[in-house]
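Have a look at the structure below before the remarks.
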Amino acid sequence: QVVHNSMEIGESQSDSSDNVYRYLEVMKQNGYKVAVNVGRKTLQKGLTHLLEATARAVAVEPKLLLVLAGSGDQEQELIEYSAEIGISQHVIHVGWVSGKKWRDTFRIADMFVMPSVSEPFGLVALEAIGFGAPAIISKQSGVAEVLNSCLETDFWDTDKLAEYMVQLSRHDSLRDELWRNAYEEYEQLSWRDSAQTMHSHYHGVAERCKAA
């Protein structure tokens with residue numbers, strides 16, 4: 001039996017501090033859109049595919065920036081690959097974030113992108129939605145089982161991923177509707193419900209063992 005992760009309502013909305021990403025705020029005031037990925041910079045996360053998709057997206061929508069926040073063994077490779085495919089000026093590499101910087105990273109986002117090659121769940125997608133960003137996720141992530149109001153693509157389909165990034169960059173109404181619908185789903189999730197479901201499963205197994 002599968003018991004999904006959750007996110008507490010209000011947990012991610014409690015801080016109203018000013019955004020530290022002044023540069024990104026200024027760029028957004030000048031018409032730029034910001035895509036964000038937060039997590040470990042490692043092969044599992046499909047970030048080279050994300051860079052390739054970003055290259056395709058900025059070719060038709062040049063006012064698009066990508067923020068990669070996190071650390072990992074692939075960090076230097078990703079920096080070099082951004083330069084190799086000619087999008088260094090569109091990619092902002094940020095180290096590991098926590099606390100206020102973690103919250104600010106989500107708040108500055110016009111979209112959250114998670115093209116994981118393999119993701120048991122992907123709680124970070126729920127965190128992004130909690131802070132106001134619609135999500136583009138890979139079909140290979142577990143969170144796709146609990147979120148219907150997000151854009152899904154195979155991790156390797158960089159053309160489709162680029163298309164989604166362009167659409168959310170160009171159409172604020174699409175972005176807002178996608179987020180509102182996702183947030184309604186987010187509000188239905190609860191760690192208490194997940195815990196009760198797990199307790200019920202354990203109880204059922206115990207009863208069957210006794211009967212045997």
Stepwise side chain to side chain contact (heavy atoms under 4.5 Å, CB included) test for L51 and L66
CA-CA 9 Å; L51 291 178; L66 172 66; 3.9 Å; yes

4.5 Å side-chain heavy-atom contact, E163 and T158
no

Salt bridge (Lys or Arg N to Asp or Glu O under 4.0 Å) between K139 and D157, worked out
CA-CA 11 Å; K139 295 178 181 178; D157 194 344; over 6 Å; no

Got a donor-acceptor contact below 3.5 angstrom from the S138 side chain to the T153 backbone?
no

Report yes or no: do I129 and V143 belong to one cluster of Ile/Leu/Val/Met/Phe/Trp/Tyr joined by side chain heavy-atom distances under 4.5 Å?
yes

Indicate yes or no: does K28 engage D110 in a salt bridge with an N to O separation below 4.0 Å.
yes

Where do A53 and A162 come nearest, in terms of heavy atoms and distance?
O-CB, 3.3 Å

Quick one: does S71's side chain get under 4.5 Å of K41's, heavy atoms only?
no

Does any part of the side chain of L178, heavy atoms only, come nearer than 4.5 Å to the side chain of D176, both counted from C-beta?
no

Heavy-atom side-chain proximity of I136 to M111 below 4.5 angstrom:
yes

Check Y32 against L65 and note the closest heavy-atom contact, atom names and distance.
CD2-CG, 3.8 Å

Checking Q74 against T42 for the side chain to side chain donor-acceptor pair (under 3.5 Å) test, could you report, in this order, the C-alpha distance in whole Å, the side-chain angles of both residues, the deciding distance, and whether it holds?
CA-CA 5 Å; Q74 205 181 19; T42 189; 5.7 Å; no

Please examine the side chains of V113 and V36, heavy atoms only from C-beta on, and report whether any two atoms are closer than 4.5 Å.
no

Can you list every pair that meets side chain to side chain donor-acceptor pair (under 3.5 Å) and has a residue in residues 83-96, with sequence neighbours left out?
S82-H93

Can you find a pair of side-chain heavy atoms, one from E52 and one from L161, that are under 4.5 Å apart?
no

What distance do L43 atom CG and D73 atom CG have between them, rounded to the nearest 0.5 Å?
8.0 Å

Are E119 and K45 close enough, and set up right, to give a salt bridge (Lys or Arg N to Asp or Glu O under 4.0 Å), and what steps lead you there?
CA-CA 8 Å; E119 193 71 59; K45 301 300 182 178; 2.9 Å; yes

Looking at Y183, F112, W102, which hits ring-ring contact (aromatic ring centres under 6.0 Å, His included) with F131?
W102

For R175 and P134 the tightest heavy-atom approach is CG-CG, 3.6 Å

Assigning hydrophobic clusters by single linkage (Ile, Leu, Val, Met, Phe, Trp, Tyr; side-chain heavy-atom cutoff under 4.5 Å), is F106 placed with Y23?
yes

So, taking the atom named CG in D172 and the one named CZ in R170, what distance separates them when rounded to the nearest 0.5 Å?
13.0 Å

List the atom of S116, the atom of Q140, and the distance in Å for their closest heavy-atom pair.
O-CB, 3.9 Å

Check: Y186 ring centroid to W179 ring centroid under 6.0 Å
no

Joint cluster assignment, V67 & L50, ILVMFWY side-chain distance < 4.5 Å:
no

For P120 and Q44, which heavy atoms make the closest approach, and how far apart are they?
CD-NE2, 4.0 Å

Consider only side-chain N and O atoms of S149 and E185, and report whether a donor and an acceptor are under 3.5 Å apart.
yes

Is there a path of hydrophobic side-chain contacts, each under 4.5 Å between heavy atoms of I/L/V/M/F/W/Y residues, joining M165 to L174?
yes

Looking only at non-hydrogen atoms, find the nearest pair between E61 and S169 and report the distance.
CG-CB, 3.9 Å

Residues passing the ring-ring contact (aromatic ring centres under 6.0 Å, His included) test with H49, sequence neighbours excluded, are F155

So, are R56 and D159 salt-bridged, with charged N and O less than 4.0 Å apart?
yes

Do L24 and I92 have side chains that get closer than 4.5 Å, going by heavy atoms?
yes

Between V91 and V94, is there a shared hydrophobic cluster once you connect ILVMFWY residues whose side-chain heavy atoms come closer than 4.5 Å?
no

Without swapping roles, check the side chain of E152 against the backbone of I137 for a donor-acceptor pair under 3.5 Å.
no

Can E25 and R22 be counted as an ion pair, charged N to O under 4.0 angstrom?
yes

Side chains of L78 and T48, heavy atoms from C-beta outward: is any pair under 4.5 Å?
yes

Distance from L64 atom CG to M27 atom CE, nearest 0.5 Å?
11.0 Å

